[in-house]
Amino acid sequence: MAEDKYQKVLELAKRRGFFWPSYEIYGGVAGFYDMGPYGILLKNRIIEKWRQYFVRDHSNYVIEIESPIIGPSKVYEASGHVENFTDPIVECTRCGRKFRADHLIKDKLGIDVEGLSPEDMTRIIKENNIKCPVCGGELGEVKTFNLLFKTHIGPYEGNIGYFRPELAQGMFVAFKRVYEVMRSRMPLGIAQVGRVGRNEISPRQAMMRLREFTIMEMEYFIDPEEKEKSCPFFERHASTRIRILPYKYKVEERGPEEVTVREAVEEKLILHPCLGYWMAVSNEFIASLGIPRDEVYFEEKGPHERAHYSSQTFDQLVRVSRWGWVEVSGHSYRGDYDLSRHMQYSGQDLTVFKPFDEPKIVEKTRYLVDKSYIGRTFRSEAKKVFELLANIPEEELKNAYLQKKPLKLGDYEIPPDAILEYKTHEKITGKKYIPHVIEPSFGVERVTYVVFEHAYREKEGRIILSLPRDIAPIQAVVLPLIEKDDSLRKIAVEIYDDLRRAGFYILYDDSGSIGRRYARYDEIGVPAAITVDYQTLEDNTVTLRDRDSWRQVRIPIASIVDILRKFIYFGEEIDKLGTPIST
RNA sequence: GCGGCGGUCGUCUAGCCUGGACUAGGACGCCGGCCUGCCAAGCCGGAGGUCCCGGGUUCAAAUCCCGGCCGCCGCACCA
C-alpha cells in the first residue's frame with residue numbers, strides 16, 4: 001500500500017495527542033500504550049456511550065460495579081486461569097523456535113496430553129523421537145508459560161495474588177451480594193469497566209494487542225429454563241439486522257449473511273435469544289460510533305477455538321486498514337461453569353431460589369421411634385438413647401420397620417414395633433438453580449483505535465477527524481475572527497464562559513489566522529467552530545461552522561447553547577440551525 | 001522467541017552504501033512580533049536533536065562491527 005492509512009493514522013494520533021507507546025524515553029516496552037489528552041477524552045466518551053447502551057437502557061435489570069484488579073490466588077484457581085492460562089512450550093535447540101508442546105504431540109501421535117506435567121510431556125517427546133517440525137532439530141525441555149501477571153499480597157511470600165486477566169471473576173465472586181442488593185430478581189446483568197493484564201508472549205499490532213488494557217463487560221445471569229423470560233426486552237431488537245457468519249457457514253466457505261435477530265434465533269444459528277439480543281445491542285453500539293455497518297460482522301468460533309466452558313461464542317469483527325478484520329468484542333454463552341467452580345472452591349451457596357407458580361404438595365412416608373416407648377423402657381438411660389438415635393439416618397429406621405428387625409443402637413436395642421410409620425405432606429415452594437451466564441465483552445482500546453481510524457479522512461490535502469459529534473473529545477471551539485481586536489475577543493470569551501457553564505467541553509483560541517485555526521480543530525475532531533466577527537458587533541450573531549462540510553450558518557448569541565445541543569447530541573444538520581452563509 | 005527490514009528535532013524526512021568539510025540540513029508544526037474582514041496566506045525573529053541504547057573498530061562514527069530495546073512483516077503464540 002503506497003498510501004498507508006495506518007501510518008498516517010498513527011502519525012496523527014501521536015502528533016495530536018491521542019495515543020502513543022508507553023515509556024518512550026526508556027526505549028518503550030511492547031504491549032503498553034498511553035492515552036493522551038484527546039485520546040482519553042475519546043475513550044471516556046466511548047465508555048460512557050457503552051454505559052448508555054448496556055446499562056442505562058436496561059436500568060431495571062443491569063447495574064454496574066467495580067472490583068479490584070488484584071485477586072487472591074484462590075479466585076484464579078477456581079476460575080481455571082492458574083491451570084489453563086498456562087501453555088506448555090518447548091524450544092528447538094537448533095533453530096530456537098518455540099512450539100506448543102501439547103499441540104506438537106497431538107499432531108504427531110494423535111494423543112491428548114492435556115493435564116500432563118511438563119516432565120511427562122518431555123518424556124513423551126524423547127521416547128517418540130519428536131523433532132522440530134521446521135528444521136528437524138532436537139527439542140529441549142517442556143516448560144510452562146503462564147500469561148497471568150503474578151505478585152504478592154502484603155509482606156508474605158506465600159500470599160500470591162494475580163492481576164486479573166478478565167473482569168468476569170469480579171462479577172462472579174460478588175454475585176451473591178449483588179443479587180441480594182438487587183432484591184433477588186432475575187435476570188440480572190452485572191457490568192464493569194476496568195483494566196486487565198495478560199502477559200502476552202509477543203504483543204504486536206500497536207493498540208490491538210496489549211499487555212494491559214481496558215475491558216467493558218457484562219455478565220448477564222439468567223435462569224437456563226426460562227429462555228423467553230430471560231430477555232424481556234427482546235422485541236426491541238427482534239427485527240434488528242446483524243451480519244453473522246455461523247461456524248457451519250465458515251466450514252462451507254460461505255461468507256457472512258445478514259439476518260434479523262429473530263430469524264437467527266429461530267433458525268438456531270444463535271442458541272439463546274439473550275445472546276442474540278446483546279449481539280444486536282453491540283451492533284447498534286458500534287454503528288453509533290461511526291463504523292459503517294458493512295464493515296462489521298459476527299463470526300462464530302469453532303468447537304476447538306472457544307473456551308472449554310462455552311457452548312457458543314461469537315466474535316464481533318471490524319475491518320481496519322492494516323490487519324483486515326479484528327475482534328472488538330466477544331459474545332459467549334458461559335453456562336454455569338464459573339459459579340459452579342466458585343461454589344466448589346469457596347464452599348458458599350451461589351444458587352438462586354426459584355419459586356414455583358403453584359407450590360407442590362408432595363406426599364411422603366416417614367419413620368420415627370416412639371419416644372414414649374424409649375422413656376418408659378430406658379428410664380434414666382433414655383437421654384443417652386436419644387443421643388445415639390440422633391445420628392441414625394431415617395433410612396435405617398425404615399429398614400428396621402419394614403424388615404421387622406430390631407434396631408441396634410450401641411448397647412441398646414429397639415424393637416420394630418416401637419418404630420412408627422406415618423404419612424406426611426410436604427409443601428415445596430420452589431427450587432434452587434445455578435444461573436447461566438451470557439457475556440458480551442469489549443476491548444476498549446481496540447474500539448477506540450477502530451473508531452479513530454474510521455473517523456480519519458482527508459479533504460483538499462487537510463486531515464479531518466470525522467468522529468460522531470456526540471463522542472468528539474472537544475465539542476466546540478470559540479474563535480475571534482481577528483486576534484488583535486479586543487472587542488471581538490471580549491465577546492468570544494463571554495461565549496466561551498456561557499458554553500462551558502452549560503456543560504460543554506469548549507476551547508477558546510485566538511492564535512493564528514482563522515483558516516489555520518479551523519484546520520487545527522478539524523484534526524482533533526472538534527465538530528463545531530463558533531466565530532465572532534464584525535457582524536457580531538452589529539447584530540449579536542455569530543457563525544457556526546460544521547467540521548465535516550465546512551459550511552457555516554449565522555446564529556444569534558442568545559440561542560447558542562440550545563443550538564449547540566441540537567447540533568452535538570441530536571445530529572441536526574448545520575443548514576437547519578441558522579441562516580446559511582456563502583463564503 | 002526465530003528470520004527479514006527499519007529507528008535522525010513535536011511530526012515527516014535528507015545524510016548512511018563510499019567514515020572526516022555535519023556546528024546533523026529541510027519541510028510542516030510550535031512560540032514571540034508585525035500583518036490579517038472566514039478556511040494551514042505573508043514577513044521578521046525564536047525555541048526545539050541522548051542521530052534508539054550500550055559496547056567495539058578508527059586519529060575520526062549518524063555512517064562500519066557486535067549486543068540489547070522498540071516498531072513493522074513472515075513463522076510461532078494469542079483468555
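Whole-Å rounding puts the I555(A) CD1 to C38(B) P distance at 19 Å. We find that CD1 of I574(A) is positioned 14 Å from C1' of C38(B), with the value rounded to whole Å. For the pair R554(A) CZ and G37(B) C1', the interatomic distance rounds to 11 Å; values are reported in whole Å. The distance from atom OH of Y26(A) to atom P of G7(B) is 25 Å, rounded to the nearest whole Å. Atom CG of L10(A) is separated from atom C1' of C70(B) by 13 Å (rounded to the nearest Å). For N199(A) and C77(B), the CG to P distance is 18 Å, given to the nearest whole Å. Residue R15(A) contributes atom CZ, which lies 10 Å from atom P of U11(B) at whole-angstrom precision. One atom, CE of M208(A), and another, P of C73(B), lie 11 Å apart when rounded to the nearest Å.
Not a single donor-acceptor pair, N or O on each side, falls under 3.5 Å between the base of C39(B) and the side chain of R516(A). Judged by distance alone with a 3.5 Å cut-off, no donor-acceptor contact links the side chain of E460(A) to the base of C39(B). The base of C39(B) is not paired with the side chain of R517(A) by any donor and acceptor separated by under 3.5 Å. Counting distance only, with no hydrogens placed and no angle test, the side-chain atoms of Y518(A) and the base atoms of C38(B) include a donor-acceptor pair under 3.5 Å.
Residue-level contact check: W323(A) touches the backbone only, with heavy atoms under 4.0 Å from sugar-phosphate atoms and none from bases. Counting non-hydrogen atoms under 4.0 angstrom, L12(A) reaches nothing in the nucleic acid. Heavy atoms of E11(A) sit under 4.0 angstrom from primed sugar atoms or phosphate atoms, though from no base atom. Counting non-hydrogen atoms under 4.0 angstrom, E523(A) reaches a base of the nucleic acid.
Pairing of C28(B), defined by two Watson-Crick or G-U wobble distances under 3.5 Å, is identified with G10(B). Across every strand in view, G71(B) sits in a pair with C5(B) that passes the Watson-Crick or G-U test at under 3.5 angstrom. The pairing partner recorded for U63(B) is none, the criterion being a Watson-Crick or G-U wobble arrangement whose two distances lie under 3.5 angstrom. The partner of U58(B) cannot be assigned: no Watson-Crick or G-U wobble pair with both contacts below 3.5 Å exists in any strand. Look at G42(B): its Watson-Crick or wobble partner, with both distances under 3.5 angstrom, is C34(B).
Screening L339(A), L350(A), D336(A), I222(A) against P435(A) for a side chain to side chain contact (heavy atoms under 4.5 Å, CB included) leaves a single residue, L339(A). Partner of H331(A) under the ring-ring contact (aromatic ring centres under 6.0 Å, His included) criterion, out of F298(A), Y220(A), W278(A): F298(A) alone. H436(A) pairs in a ring-ring contact (aromatic ring centres under 6.0 Å, His included) with only one of the listed residues (Y333(A), F221(A), Y337(A)), which is Y333(A).
Residues R341(A) and E77(A) come closest through the heavy atom pair NH2-O, 3.2 Å.
When the P atom is used for both A62(B) and A24(B), the distance is 10 Å, rounded to whole Å. Taking atom P in both C43(B) and G26(B), one finds a spacing of 16 Å when rounded to whole Å. Going from the C1' atom of A76(B) to that of G4(B) covers 15 Å, rounded to whole Å. Look at the C1' atom in both A60(B) and G20(B): the space between them is 7 Å, to the nearest Å. Comparing the same atom, P, in A47(B) and in C52(B) gives a spacing of 24 Å after rounding to whole Å. Here, U50(B) and G68(B) have their P atoms 25 Å apart, quoted to the whole Å. Distance check on atom P: U8(B) versus G15(B) gives 14 Å, rounded to whole Å. The C1' atoms of U23(B) and C9(B) are separated by 15 Å, rounded to the nearest whole Å.
Checking C34(B), C31(B), C30(B) against every side-chain atom of R520(A), the shortest atom distance belongs to C30(B). Of the candidate nucleotides C30(B), U11(B), C72(B), C72(B) has the atom lying nearest to any side-chain atom of Y6(A). The Q552(A) side chain lies nearest to C38(B) when the options are C38(B), A40(B), C70(B). Closest approach to the K14(A) side chain among C72(B), U11(B), G37(B) is made by U11(B) (side chain taken as heavy atoms from C-beta onward). The nucleotide whose nearest atom lies closest to any side-chain atom of E483(A) is, among C73(B), U36(B), C77(B), U36(B).
D533(A) and R554(A) are joined by a salt bridge, as a carboxylate oxygen and a charged side-chain nitrogen come within less than 4.0 angstrom of each other. The existence of a salt bridge linking K8(A) and E458(A) is confirmed by a sub-4.0 Å separation between a basic side-chain nitrogen and an acidic carboxylate oxygen.
For the pair S513(A) and U36(B), the criterion of a side-chain N or O lying under 4.0 Å from OP1 or OP2 is not met. At C73(B), one or more side-chain N or O atoms of R322(A) fall inside 4.0 Å of OP1 or OP2 (strictly under the cut-off).
The backbone N or O of T543(A) lies less than 3.5 Å from no partner atom in the side chain of T531(A), so there is not a single donor-acceptor pair. Between the side chain of R547(A) and the backbone N or O of Y521(A), no donor-acceptor pair lies under 3.5 Å.
Where I463(A) and I25(A) each meet RNA chain B at their nearest nucleotide, the meeting point lying more 5' is that of I463(A). Ranked by how close their nearest RNA chain B nucleotide is to the 5' end, R209(A) and I482(A) are led by I482(A).
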